[in-house]
Amino acid sequence: MRSEPRTAGTAEPVDLMNPFKDLKDMVVAELEALARDGVLPAGLDTARVAVEPPRDPAHGDVATNAAMVLAKPAGMKPRDLAEALAGRLGAIDRVSEAAVAGPGFINLRLEPGFWHGCLAGMLRAGADYGRSDLGAGRKVNVEYVSTNPTGPLHVGHARGAVVGDVLAALFEKVGYDVVREFYINDAGAQLEALARSVYYRYREALKAEPNPIPEGFYPGEYLIAVGEDLKKTDGAKWLGVEEAPEEDPKSGWREACTNFGREAMMKMIKDDLAALGVHQEVFTSERAIIEAGVIEDALDSLEARGLIYTGTLDPPKGKTPEDWEPRPQTLFRATEFGDDVDRPLRKSDGSWTYFAPDMAYHLDKFRRGANLMIDVWGADHGGYVKRMQAAVEALTEGRGHLEVRICQLVKLLRAGEPVKMSKRAGTFVTLREVIDEVGKDVVRFIMLTRKNDAPLEFDLTKVVEQSRDNPVFYVQYAHARCRSVLRHAAEGFPGIDQDPGALARAPLARLTDSEELGLMRRLALWPRLLEGAAEAYEPHRVAFYLYDLAAAFHSLWTKGKDETQLRFLREDDPDLTAARLALVRAVALVIASGLEVFGVEPVEEMR
RNA sequence: GCGCCCGUAGCUCAACCGGAUAGAGCACCUGCCUUCUAAGCAGGAUGUUGCAGGUUCGAGUCCUGCCGGGCGCGCCA
């Protein structure tokens with residue numbers, strides 16, 4: 001891992017694809033060397049050793065906590081261990097200085113050539129810079145948006161959609177084999193309400209005798225068209241027919257309206273998702289899971305291990321429902337897997353609870369090869385997490401893992417004022433309306449500017465403002481500025497090949513300004529940031545990283561106004577210009593790469 | 001009553017597996033456009049990280065107990 005001697009400005013830089021991983025390997029190698037020399041005991045666990053940029057840049061380029069973490073297992077004083085390690089690290093060519101500080105930190109200052117090597121590496125990697133094999137091709141299934149197909153998506157759905165979609169992209173980026181999935185909740189009472197609502201609109205379309213507004217009626221106008229369409233398809237065929245005749249329930253109008261409504265709603269939902277740039281490849285129907293008998297499979301497997309029994313649950317303490325009656329039910333021993341109570345699988349009428357098919361569905365996902373499953377749910381499902389995780393652990397006998405990300409509410413505002421929404425009053429804001437107003441890229445980016453489990457304010461006015469206050473604009477502006485420089489360079493310096501691979505061969509050692517080096521260090525963090533964001537299931541980290549990167553670039557840009565020797569384009573010095581274009585190109589590349597993970601189109605110019 | 005999530009500057013939020021003096025933006029004040037887009041940049045003030053303990057070289061971060069807010073708690077999904 002140690003590289004050949006290198007002096008700034010002379011040697012051809014080596015490519016460094018993941019600089020901080022490389023630096024950690026370097027530290028670990030020296031620790032092993034110390035162990036071979038008998039200074040340290042053999043076989044120390046270096047998992048907790050961190051090599052990262054210090055918060056205060058005055059401390060140097062990189063810092064490691066190795067001495068403090070290993071002091072106790074090694075039976076040494078942290079400072080002594082630090083001195084020994086720093087002595088070795090300081091002898092490495094790429095390290096210009098290794099100093100022990102504070103309780104035992106080792107601060108390293110690196111030769112500028114190291115950062116130039118990083119820059120060359122990222123340019124050669126191009127769009128692949130940041131990609132890694134952390135996942136080693138392991139399968140992960142990401143399920144998101146999953147909803148009843150009863151109406152259009154609203155803003156809340158958009159958050160889950162984007163978080164799920166970007167988690168999937170992140171996991172792909174770090175080497176997982178990803179399946180994006182949607183679970184269609186098409187088996188419950190909501191679908192019956194949908195069917196009755198469709199039938200109502202159908203009769204309306206046929207000018208038939210008006211029937212009373214059905215229970216749970218979906219009042220939205222979108223069903224009027226569905227009623228019309230059913231009339232066009234089937235004519236008056238369902239008018240004199242029963243809802244669900246006893247001898248053959250599926251011959252009635254309800255079955256027809258359920259299926260017709262379901263298809264229409266799913267088409268609408270998929271169109272909305274497409275408008276948001278979300279494309280899941282697998283859609284699994286709850287109803288199909290039930291009909292395929294997967295629930296029985298799941299239950300048999302649990303039954304065989306004594307995890308199913310008939311029992312009576314106590315009412316929740318302090319909040320007994322009005323109509324509470326103790327009833328014996330089929331229960332799953334969720335408490336054996338960390339849940340608070342055992343969970344019912346059947347309703348009193350004998351039909352399945354929501355939990356039963358969902359359990360079966362997760363078994364199905366596991367059978368399709370996903371040991372790691374990620375579900376993105378809304379805040380109102382928080383209380384459901386433990387039981388589903390318990391079910392996955394039980395059904396997969398501990399081989400599967402379910403990670404659930406809960407998305408808090410989105411508060412829709414306009415110029416600081418809450419947008420009043422009411423389904424009944426018809427002032428409900430759909431996802432489609434928001435996309436039409438501000439654009440899908442803005443929706444996607446803004447949804448990632450908060451941790452998923454924190455509430456999010458979405459101000460329709462603010463998100464299209466052109467100011468530093470608006471992260472979408474600010475990041476896009478940095479990218480546009482990079483592209484602008486490159487456009488000007490193409491005119492003024494036709495001799496400079498702007499292909500990233502060619503720019504990687506520019507005399508990068510000419511980049512010596514502290515802000516230029518700072519920008520390179522920041523770019524060098526990108527691969528590590530992606531891995532961290534994926535491992536923590538936190539796509540919002542990418543948004544904050546891009547914002548910081550944009551700020552660093554804007555700063556360097558403006559610095560060139562006062563100090564003309566820092567301008568990117570230097571008529572008097574084509575070599576220096578080429579080196580700076582390499583840096584600008586790399587900034588554009590990383591921003592574009594981050595936006596690609598987000599599913600956001602980088603802009604070439606601000607308009 | 002129980003479970004989960006949250007509580008950080010006046011406001012909105014960061015803080016990578018426990019790391020060094022907790023950082024940005026907004027708002028407020030002061031500078032910077034004959035220049036690659038000033039839609040920007042530089043500088044100035046801001047903290048008992050809800051409270052009280054504990055763990056340790058080190059805690060916003062982990063543990064315990066309180067306080068405050070959100071979500072949920074059999075036949076909704």
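Convention: sequence-line order gives letters A, B, ...; per-chain numbering from 1.
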Does OP1 or OP2 of [N] have a side-chain N or O of [X] closer than 4.0 Å?
{"X": "A/S555", "N": "B/rA42", "result": "yes"}
{"X": "A/Q329", "N": "B/rG74", "result": "no"}
{"X": "A/R55", "N": "B/rA20", "result": "yes"}
{"X": "A/K72", "N": "B/rC57", "result": "yes"}
{"X": "A/H540", "N": "B/rA15", "result": "yes"}
{"X": "A/W557", "N": "B/rA38", "result": "yes"}
{"X": "A/R468", "N": "B/rC41", "result": "yes"}
{"X": "A/R481", "N": "B/rA38", "result": "yes"}
{"X": "A/Y474", "N": "B/rC41", "result": "yes"}
{"X": "A/K386", "N": "B/rG3", "result": "no"}
{"X": "A/K561", "N": "B/rA38", "result": "yes"}

Starting from [atom2] on [N], measure out to [atom1] on [X] and report it in whole angstrom.
{"X": "A/N65", "N": "B/rC57", "atom1": "CG", "atom2": "P", "value": "14 Å"}
{"X": "A/E538", "N": "B/rC5", "atom1": "CD", "atom2": "P", "value": "14 Å"}
{"X": "A/Y309", "N": "B/rG74", "atom1": "OH", "atom2": "C1'", "value": "12 Å"}

Inset, instruction - Looking at every strand, decide which applies to A/A101 at a 4.0 Å heavy-atom threshold: base, sugar-phosphate, or nothing. - result: base
Inset, instruction - Quick one: label A/E491 by what it contacts on the DNA or RNA (base, sugar-phosphate, nothing), any heavy atom closer than 4.0 Å. - result: nothing
Legend entry - Candidate nucleotides B/rA77, B/rC16, B/rG19, ranked by approach to the side chain of A/V69 - the nearest: B/rG19
Legend entry - C1'-based separation of B/rA24 from B/rG50 [nearest Å]: 23 Å
Inset, instruction - State yes or no: are the ring centers of A/H59 and A/F105 separated by less than 6.0 Å? - result: no
Inset, instruction - Tell me whether B/rC33 sits syn or anti, counting syn as a glycosidic angle within 90° of 0. - result: syn
Legend entry - Stems formed with participation of RNA chain B [Watson-Crick or G-U wobble, under 3.5 Å, three or more pairs]: B:1-7 with B:67-73, B:10-13 with B:23-26, B:28-32 with B:40-44, B:50-54 with B:62-66
